[in-house]
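Read through the structure below, which is laid out as structure tokens, and then see the notes.
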Amino acid sequence: MGQLILRRLVFMVFMLIGLMAIVFAISNIAPGDPARLAAGPDATNEMVEQIRVERGLDKPLVSRFVVYLTNLATGDFGTSLHTKRAVFDDLARYFPATLELVVLSISFAVLLGVPLGMLGAVFQNKVPDQTIRFIAVSGVALPMFWLGLMLQWYLSLEWDLFPLGGRLGIMTPRPENITGMYTVDALIQGDFRAFREAFWHLVLPSLALSLPALASIIRVNRAEMLETLNKDYILNAQAQGIGPFRVVSAYALKNAILPTLAIIGLRFGWMLGGTVLVESVFDFPGVGLYATKAAVNSDFDPIVAVTLVLGASFMLVNLIIDLAYALLDPRVRSQI
Amino acid sequence: MTPLLSIQDLALEFNTFDGSYKAIDHVNLDLMPGETIGLVGETGCGKSVLTRAAFGLVPTPPANITSGSVKFEGREILNLSPAEQRAMRGRDVAMIFQDPMTFINPVFKVGTQLVDAVRAQRRGQVSKTEARDIALAMLDKVHLPNPVRQFESYPHQLSGGMRQRVLIAMALMAEPKLLIADEPTTALDVTIQAQILDLIAELVEDMGISLIMISHDLGVVAQNCGRVAVMYSGQIVEDAPVKQIFDAPCHPYTKGLLGAVPHPLHASEGLKEIPGTLPNLYRPPTGCRFADRCTHATAACSVKRVEQITVADDHRVTCTLFADQHVDA
Amino acid sequence: MSLETSSKNNGLMDKRSNRISVLAPVSEVDRFREYRRMWATFRKSYSSMAGLFIVATFLILAAVGPSIVPFPEDALGSIHLERKLQPPDATHWFGTDEVGMDIYSRVVVGARTTLWIGVTITGIAILIGVPLGLLAGFGNIWVRESIMRVTDVFLSIPGLILAIAIVGALGPGILNAMIALSLVWWPGYVRLVQSKVLSIRNETYVEAARSIGASDFRIIFLHILPNCMSPIVVKASMDMGMAILGAASLGFLGLGAQPPYPEWGAMISIGKNYLPDWWWYTLFPGLAIYFTVLGFNLLGDGLRDMLDPKQRS
């Protein structure tokens with residue numbers, strides 16, 4: 001098991017280098033002169049040339065890539081043009097916010113999606129199933145950013161149930177920075193008011209973010225449950241007289257959840273991508289909003305860094321999913 | 001004496017895109033307490049569907065039971081609620097199936113599944129520890145080597161023969177009155193087959209339970225059963241004590257089946273095959289379903305439905321050839 | 001969603017139908033019967049029919065939209081400040097925007113933009129992905145490994161993020177957004193085709209064809225591609241919806257189509273500033289995106305159930 005994790009982590013490093021190569025190539029085939037962009041619109045030619053040499057932009061692509069990777073390895077992600085800060089510091093500030101948002105969203109999606117899919121399969125083609133299927137079909141088609149806007153319009157502006165955006169009210173003191181995740185920090189310090197408020201700010205964005213993933217989890221789990229319920233071992237369990245609740249929630253679910261796990265991993269990627277949309281709508285200061293602002297300003301170092309961090313998160317989640325597979329399926333476990 | 005199981009006039013069809021597939025055609029079958037009966041026929045003749053339908057294990061829809069009654073100990077069971085059917089399956093009727101791998105849940109420990117089964121069969125009136133003891137005792141009875149260790153194993157860690165022993169144990173823990181063994185050895189190695197058959201025979205004898213053994217192999221049935229019912233395309237064409245079937249088979253299809261079994265002493269005689277294929281059950285023939293393949297067929301065979309005829313004590317045939325040999329049993 | 005996966009696939013029935021399909025030679029009659037069965041499967045499902053209906057409506061609007069809308073000149077930007085931000089009424093069904101353009105006209109004309117975006121992205125993705133998938137399936141270990149590892153790297157990052165990175169490099173704009181989305185969309189097809197090739201390559205009939213000396217080329221066109229068609233069609237239908245969603249997302253972020261170009265996402269990116277009082281500005285373009293994507297998804301589901309009942313998402 002430990003060996004497997006180690007092997008995967010090493011593999012991950014290579015994947016990330018590959019990812020960096022792709023993004024680096026993209027940034028360099030792009031039209032426009034990065035040195036001039038960095039120097040700003042009023043710079044003279046000499047200033048541009050100076051920056052070009054300073055940043056090593058006059059060297060060949062490959063050697064620049066090596067330098068770039070070495071910098072990354074030492075924690076130097078470059079400087080952001082639009083925040084004027086080191087990208088590493090920006091990430092340290094914004095990533096915990098995104099993490100908080102994404103963890104809450106995936107929890108929503110899994111904790112609702114799996115039981116709903118199960119329910120749909122058990123009541124196949126009856127009213128609950130029709131309703132659940134409607135949610136599942138709509139959820140994938142709803143534009144996340146539009147859903148966010150509609151939630152804002154109705155629940156924040158019309159009914160005033162939730163805050164409009166941001167991470168905390170302006171007047172609320174920030175909890176002391178430990179993990180950077182306000183809810184966690186507030187809990188650690190026993191500040192329940194701040195926790196409540198931080199959580200309240202997370203509800204709408206994570207709802208909007210989780211819906212597409214929720215929808216696919218419902219779909220897949222429902223389909224897998226239906227297939228599993230037709231399996232011989234379910235027939236046999238029923239033939240022993242084991243009650244329907246145990247048959248469905250244990251004998252069938254533990255088998256059906258395995259393919260569902262794979263979709264959870266995949267949809268986590270959707271969610272990471274969706275953060276750019278939801279964070280824009282809710283003015284939520286996470287890496288998604290950071291990347292969007294950077295892209296609008298042709299500010300490349302932050303984009304590369306966000307790509308790297310989100311790519312690494314996605315790979316880590318998939319590693320966790322594979323470990324969960326092994327935990328749930330004894331046949332997989334015995335192979336590693 | 002009331003039969004343990006009495007199937008009367010049971011008919012079942014599957015509704016599919018191509019129309020309704022008449023899988024079971026007005027079948028009668030009685031089983032006395034303690035009796036062992038073999039249900040033989042080729043693949044697709046309806047032998048599995050018949051027994052599953054009788055105990056509510058064929059999903060409806062697509063299946064649809066169009067007529068008939070099934071009585072267990074004199075009590076009609078077709079119209080029981082799903083919960084009552086389940087209770088009866090756990091307690092009175094046990095089943096074992098063809099492929100032991102697909103009938104045992106791959107992601108739960110063998111022990112967990114056995115304990116669950118014991119507790120379900122005894123309606124939760126035993127504690128987990130008691131259930132464990134009962135299950136372990138039963139594993140011992142089915143001669144599973146090292147039961148305590150296998151208890152903690154997952155199904156994929158067991159061999160096919162061991163898995164089938166586990167399933168037999170699971171089925172018999174409830175001390176049922178009837179055991180239905182649906183091709184229990186087809187998926188196993190030849191050497192293991194004999195062991196499993198011996199085991200079933202031993203347990204049935206010991207525990208005094210009735211047995212329905214479903215098989216496409218007449219030899220298997222001859223060894224283990226007192227009576228044989230031969231099925232052909234959804235009907236029981238002949239039903240007699242095992243000795244009668246082998247010594248004096250009546251139905252041409254039974255004779256054909258016997259001709260297709262290698263004889264241990266006269267292997268050189270070669271096997272005879274039955275020409276033709278199964279009839280189309282979306283539009284079954286009006287008369288005898290075997291007529292197209294039968295060497296003795298006459299014009300009379302295809303005219304109207306052939307009724308079951310009792311030709312000797314406890315020997316029934318569905319064939320026009322015997323219309324005049326009817327005896328009142 | 002497999003809306004038709006009921007318990008009809010009973011094990012006992014399966015065995016029988018397999019037997020029949022093995023015995024029966026494929027004749028014209030059987031093929032016709034197969035088409036009839038497919039169509040019956042498709043028609044029986046309300047959601048598939050709804051998907052077909054929505055997609056058909058969308059295609060018609062994309063074809064004739066500019067000539068049927070009441071204010072065609074509003075589609076590409078014209079200013080009527082005297083009627084700005086009017087709520088929906090009989091003249092302006094969906095209301096007007098901040099410079100007085102008719103939102104209904106712009107939404108309907110936007111269908112053509114959207115169709116163009118969806119077809120281009122999906123088309124380019126297929127044109128890149130399918131040949132690479134075939135190459136990976138048939139090539140030697142080096143070819144296969146290099147293609148598949150690059151594919152893995154592309155799939156290791158959420159598509160939208162990579163697309164934003166590409167647009168960030170190329171600069172915002174609808175063309176660049178389409179290039180970016182096409183570049184992140186092809187790896188899915190490589191995976192699909194490659195796995196299909198690997199599974200079909202070892203089928204008995206392909207081995208047989210190979211053993212009598214059929215070339216790889218012949219095997220690809222006679223055996224592999226026809227077998228890949230159904231999953232590709234199903235995936236393409238689903239991807240149309242997803243690509244439309246992706247392009248609208250970039251438009252919303254200000255990285256795709258730029259106002260006043262009639263693109264739904266870009267419309268919402270302006271409209272959101274006018275919530276909640278001028279809600280129609282955001283509501284209707286969003287509904288248009290929702291229904292279009294829904295239509296392609298439902299159609300894709302229906303096609304999958306029809307063409308390949310065994311395959312699931």
Side-chain angles (χ1 to χ4, degrees), chain A residues 15-16 18-19 21-23 26-27 29-32 124-125 133 136-138 140-146 149-150 152-153 157-158 216 219-220 222-224 226-227 229-230 232 263 269-274 276-277 280-281 291-292 294-296 298-300 303-304 306-307 310-311 314-315, chain C residues 1-3 5-7 9-11 47 149-150 152-172 183 241-242 245 248-249 252-255 264-265 268-269 271-272 275-276 279 282-283 285-287 289-298 301 312-313:
Chain A
M15 292 281 283
L16 287 174
L19 186 60
I22 290 173
V23 181
I26 291 167
S27 71
I29 52 160
Q124 195 193 0
N125 295 333
R133 253 164 30 184
V137 170
S138 301
V140 187
L142 273 176
M144 220 184 252
F145 56 92
W146 183 74
L149 289 171
M150 294 293 116
Q152 242 179 5
W153 168 27
L157 295 171
E158 298 282 322
S216 357
R219 278 169 67 130
V220 173
R222 176 180 173 276
E224 290 301 329
L226 279 177
E227 186 163 328
L229 286 174
N230 275 328
D232 291 337
I263 213 73
W270 275 13
M271 247 177 212
L272 290 175
V276 296
L277 301 169
S280 281
V281 171
T292 313
V296 173
S298 296
D299 180 4
F300 224 74
I303 300 182
V304 180
V306 171
T307 313
L310 292 188
F314 192 25
M315 289 177 205
Chain C
M1 164 148 327
S2 52
L3 295 162
T5 10
S6 63
S7 50
N9 277 337
N10 176 284
S47 58
R149 290 298 82 81
V150 173
D152 283 348
V153 171
F154 268 92
L155 289 173
S156 73
I157 172 85
L160 196 56
I161 301 288
L162 194 54
I164 285 174
I166 298 174
V167 176
L170 298 178
L183 284 180
M242 291 296 117
L245 212 50
S249 303
F252 170 76
L253 292 175
L255 295 169
W264 298 334
I268 296 176
S269 80
K272 69 165 195 281
L275 274 176
W279 49 267
T282 306
L283 181 73
L287 283 178
I289 302 175
Y290 167 61
F291 278 112
T292 308
V293 178
L294 181 70
F296 279 105
N297 283 352
L298 291 177
D301 277 334
R312 293 259 176 66
S313 59

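To find a chain, count down the sequence lines: A is the first, B the second, and so on, and within it residues start at 1.
Chain A forms the most heavy-atom pairs under 4.5 Å with one residue out of Leu155(C), Thr282(C), Ile289(C), and that residue is Thr282(C). The most heavy-atom pairs under 4.5 Å with chain A, out of Leu162(C), Val150(C), Val167(C), Leu287(C), come from Leu287(C). Here Ala248(C) is the residue among Gly254(C), Gly171(C), Pro172(C), Ala248(C) with the most heavy-atom pairs under 4.5 Å with chain A. Comparing Leu310(A), Thr307(A), Leu16(A) by how many heavy-atom pairs each has under 4.5 Å with chain C, the most go to Thr307(A). When each of Gly159(C), Ser249(C), Gly241(C) is checked for heavy-atom pairs under 4.5 Å with chain A, Ser249(C) comes out on top.
Residues Leu253(C) and Ser280(A) come closest through the heavy atom pair CD2-OG, 3.3 Å. Across all their heavy atoms, Gly168(C) and Phe300(A) have their closest contact at C-CE1, 3.9 Å. Of all heavy-atom pairs spanning Leu245(C) and Ala141(A), the tightest one is CD1-O, 3.9 Å. Here the closest non-hydrogen pair linking Ile161(C) and Gly273(A) is CG1-CA, 4.0 Å. For the pair Pro158(C) and Phe314(A), the tightest heavy-atom approach, listed with the atom from each and the gap, is CD-CD2, 4.1 Å. Nearest heavy-atom pair, Ile268(C) versus Leu149(A), reported as atom, atom and distance to 0.1 Å: CG2-CD1, 3.4 Å.
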Does the side-chain contact (heavy atoms from CB on, under 4.5 Å) test come out yes or no for Val140(A) and Met242(C), once each step is laid out?
-> CA-CA 9 Å; Val140(A) 187; Met242(C) 291 296 117; 3.6 Å; yes

Take Ser138(A) and Tyr290(C) through the side-chain contact (heavy atoms from CB on, under 4.5 Å) test and state the conclusion after the steps.
-> CA-CA 8 Å; Ser138(A) 301; Tyr290(C) 167 61; 2.8 Å; yes

Any chance you could lay out the side-chain contact (heavy atoms from CB on, under 4.5 Å) test for Lys272(C) and Trp153(A), step after step, and finish with the verdict?
-> CA-CA 10 Å; Lys272(C) 69 165 195 281; Trp153(A) 168 27; over 6 Å; no

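Within the 4.5 angstrom heavy-atom criterion, only side-chain atoms of Glu158(A), from C-beta onward, approach chain C. In this structure, chain A has heavy atoms under 4.5 Å from both the backbone and the side chain of Ile164(C). Proximity to chain A involves both the backbone and the side chain of Asp152(C), based on heavy atoms less than 4.5 angstrom apart. The contact between Met15(A) and chain C is made by backbone and side chain atoms together, counting heavy-atom distances below 4.5 Å. Residue contact with chain A, scored on non-hydrogen atoms closer than 4.5 Å, is absent for Leu183(C). Looking at Leu157(A), only its side chain comes within 4.5 Å of chain C, counting heavy atoms on both sides. Proximity to chain A (any heavy atom under 4.5 Å) is restricted, for Leu160(C), to the side chain, taken from C-beta onward.
Here the side chains of Leu283(C) and Trp146(A) are in contact, with some heavy-atom distance below 4.5 Å. When side chains are defined from C-beta on, Ser156(C) counts as touching Leu19(A), because their heavy atoms get closer than 4.5 Å.
Note that the CZ atom of Phe154(C) and the CD1 atom of Ile22(A) stand 4.0 Å from one another [nearest 0.5 Å]. We find the CZ-CE distance between Phe252(C) and Met144(A) to be 12.0 Å, quoted to the nearest 0.5 Å.
Salt-bridge formation is detected for the pair Asp301(C)/Arg219(A): a Lys NZ or Arg NE/NH1/NH2 atom is positioned less than 4.0 Å from an Asp or Glu carboxylate oxygen.
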